[in-house]
Amino acid sequence: MLLLVGSYIFYSSWSWNFLLLLIISTLVTFFIGNKIKVSEGKAKTHWLRTGIFLILIQLLYFKYFNFFIENFNEILKMFGRADKFGLLKIIFPIGISFYSFRMIGYLLDIKNNKLKELPSILDYSVFIAFFPCIIAGPIDKALPFLNNLKIKREFSASQFTDGLRQILWGVFKKLVVADNIATMTSPLFESYDKLNGSTLFIGAVLYFIQLYSDFSGYTDMAIGLSKLLGIKIQPNFNYPLFAQNVADYWRRWHISLTSWLTEYVFTPLSIQFRDYDKYGLIMAIIINFLVVGFWHGAEWHYIFHGLVSGIMFIPIIWKGKMNKKVKSQNNIIPTKEELKNIPVTFIMFALLMVLFFSTDMKMAISYYKEIFSFSFFQLPNYQFKKEIAFLILFTLSIEWIGRNKEYGIKELFLHNNVVIRWGFYYILVFLVFLFYIAPKGFIYAQF
């Protein structure tokens, strides 16, 4: 009960006027989940479709209604019609994309008999509203999360200190790295039409690192805070900046979303299209990533971000290497394969980020045009802060050393002299205070 009350208070501090929507959605989907469990045959499918429809209809209204109206108006304009439908002033409920997917996953798991025993309304409510995850994930599966609530949670000093350590690393990545990079990328994007190709390319690279530091920093804080409460939640990142190909990247980036979509969208589609061999696999992966793009927002640049992400899989699908996992190395010095593959993959996804941070397709197209022009070979015409380069190098070096651990500093100096270990922690805290600026919101909270 304490977890639920705390989660509702936390959510209301961000969006108190939508707390009622969250509670009603929770009660309705809990009721429908029970109906799915006790029903048979067509009735079971009927209740599942009803539940998913109700979840999606509220998501479509709050997140996508104006998108459809705007595009419908454009179609009318193309046919010479003067009619124009007005847009609604809709306030977006924070976290709705994340908790909607939790609810849908819960209903599908009941339908597929993956939840043998249904939770109480209290446990289900905690699963939906758990405060470390509701704003920006991870999107946990129901069964492992609910199992956490069943067991007796006892205080563990090692787990508690591990949680604090992970929170510290998350705070560092968010406040020191991401927020300070934002002081360069935000004005750069505002004046992108006055900058040359080399500057815009550096801006895309910086934003890629900023987004990773912001989102993975939030995730580290969420997981660390959950550890303090004795609850284990799903990881969301596995050092994606060190990925060696497209498939490897998506196994490492936003893991909870990609694994959710793999289970509930890609796998059913790939089975449906299996008669078309590799073409069917390509269709399934492209549809899957169109959903990824659309999930992020009601803008064409997000949809194209998803489309291009899917298209990037075609070469490895055609070679039959999509399911081939990259062997993880633990050497400080990168191997020849890593030196060859990591920079190429990094640059590909840094360039893909243009479609993510652009405000519209016009900006994205102009941005790409300038990057792929002769001005790419000019010196940057923008003032970059040298201390940011140091912070990035410092952070990536630590993450590279700890890349086979749960998070970058999990075991760094853990077995060294206590003075060295705590000296390192104090350095991180010192850097947080030294580079602290007015905190910016989490990027993924807008989704």
Side-chain angles (χ1 to χ4, degrees), residues 172-217 239-246 249 253 301-302 304-305 308-309 312 332-334 336-401 431 434-438 440 443:
F172 177 84
K173 285 196 287 185
K174 165 59 180 169
L175 295 183
V176 177
V177 183
D179 285 359
N180 279 278
I181 293 177
T183 63
M184 291 192 296
T185 54
S186 295
L188 186 153
F189 297 152
E190 289 173 4
S191 58
Y192 76 94
D193 54 336
K194 301 179 181 67
L195 302 172
N196 61 23
S198 60
T199 302
L200 297 185
F201 174 75
I202 294 172
V205 169
L206 286 173
Y207 184 82
F208 187 25
I209 298 170
Q210 175 193 339
L211 180 62
Y212 167 71
S213 302
D214 188 286
F215 196 11
S216 69
Y239 309 99
L241 301 191
F242 306 138
Q244 296 192 53
N245 59 48
V246 173
Y249 173 84
W253 179 274
H301 61 96
Y302 288 128
F304 273 93
H305 178 274
V308 175
S309 297
M312 288 168 71
I332 293 180
I333 305 299
K336 289 181 180 179
E337 285 296 307
E338 288 171 335
L339 285 172
K340 180 181 71 173
N341 296 332
I342 291 175
V344 172
T345 306
F346 181 92
I347 290 171
M348 280 197 304
F349 281 97
L351 290 173
L352 181 65
M353 282 295 152
V354 174
L355 285 166
F356 193 89
F357 63 68
S358 294
T359 54
D360 51 37
M361 284 303 298
K362 180 182 177 183
M363 175 181 172
I365 292 168
S366 299
Y367 203 102
Y368 279 128
K369 278 184 177 180
E370 197 61 36
I371 287 179
F372 293 105
S373 71
F374 286 110
S375 68
F376 176 81
F377 301 100
Q378 298 173 356
L379 290 174
N381 57 344
Y382 185 82
Q383 188 64 42
F384 293 102
K385 300 174 183 177
K386 295 178 181 178
E387 62 270 22
I388 304 298
F390 162 75
L391 292 173
I392 292 172
L393 183 62
F394 176 77
T395 305
L396 294 184
S397 298
I398 289 174
E399 295 238 312
W400 175 260
I401 293 169
L431 290 173
L434 180 65
F435 287 96
Y436 177 83
I437 55 176
K440 302 179 184 298
I443 295 173

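One-based numbering along the sequence shown. Atom set for the values below is all heavy atoms of this structure, side chains included, hydrogens, waters and symmetry mates excluded.
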Would you check if [X] and [Y] make a side-chain contact, meaning some heavy-atom pair closer than 4.5 Å?
{"X": "I347", "Y": "V205", "result": "no"}
{"X": "F349", "Y": "M312", "result": "yes"}
{"X": "S366", "Y": "D193", "result": "no"}
{"X": "H301", "Y": "M363", "result": "no"}
{"X": "Y382", "Y": "P187", "result": "yes"}
{"X": "T395", "Y": "F172", "result": "yes"}
{"X": "S358", "Y": "Y192", "result": "no"}
{"X": "E370", "Y": "T199", "result": "no"}

Heavy-atom count check: over 12 atoms from other residues, nucleotides or ligands less than 6.0 Å from [X] [atom1]?
{"X": "K385", "atom1": "NZ", "result": "yes"}
{"X": "L434", "atom1": "CG", "result": "yes"}
{"X": "I332", "atom1": "CD1", "result": "no"}
{"X": "E387", "atom1": "CD", "result": "yes"}

Nearest 0.5 Å, what's the [atom1]-[atom2] distance between [X] and [Y]?
{"X": "Y302", "Y": "M361", "atom1": "OH", "atom2": "CE", "value": "13.0 Å"}
{"X": "L241", "Y": "Y212", "atom1": "CG", "atom2": "OH", "value": "5.5 Å"}
{"X": "E337", "Y": "N245", "atom1": "CD", "atom2": "CG", "value": "10.5 Å"}
{"X": "L396", "Y": "L391", "atom1": "CG", "atom2": "CG", "value": "10.5 Å"}
{"X": "F208", "Y": "S213", "atom1": "CZ", "atom2": "OG", "value": "10.5 Å"}
{"X": "L195", "Y": "I371", "atom1": "CG", "atom2": "CD1", "value": "11.0 Å"}

[X] versus [Y], closest heavy-atom pair with distance:
{"X": "T345", "Y": "A243", "value": "CB-O, 3.5 Å"}
{"X": "L175", "Y": "N180", "value": "O-ND2, 3.3 Å"}
{"X": "L379", "Y": "S198", "value": "C-OG, 3.6 Å"}
{"X": "P334", "Y": "E338", "value": "CA-OE1, 3.2 Å"}
{"X": "A204", "Y": "A350", "value": "CB-O, 3.6 Å"}

Exercise. Among F201, F357, F356, which residue meets the ring-ring contact (aromatic ring centres under 6.0 Å, His included) test with Y367?
Worked result: F357
For this session: Assess whether side-chain contact (heavy atoms from CB on, under 4.5 Å) is satisfied between D179 and Y436, documenting all intermediate values.
Result: CA-CA 8 Å; D179 285 359; Y436 177 83; over 6 Å; no
Problem set entry | Donor-acceptor contact present, side-chain D214 to main-chain A178, <3.5 Å | no
For this session: Mind running side-chain contact (heavy atoms from CB on, under 4.5 Å) on I342 and W400 for me, showing each step along the way?
Result: CA-CA 12 Å; I342 291 175; W400 175 260; 3.8 Å; yes
Exercise. So Y249 and W253, would you call those rings parallel, tilted or perpendicular, with 30° and 60° as cut-offs?
Worked result: parallel
For this session: Go through the structure and list residues passing side chain to side chain contact (heavy atoms under 4.5 Å, CB included) with L206, not counting sequence neighbours.
Result: I181, M184, T185, I202, F384, I392
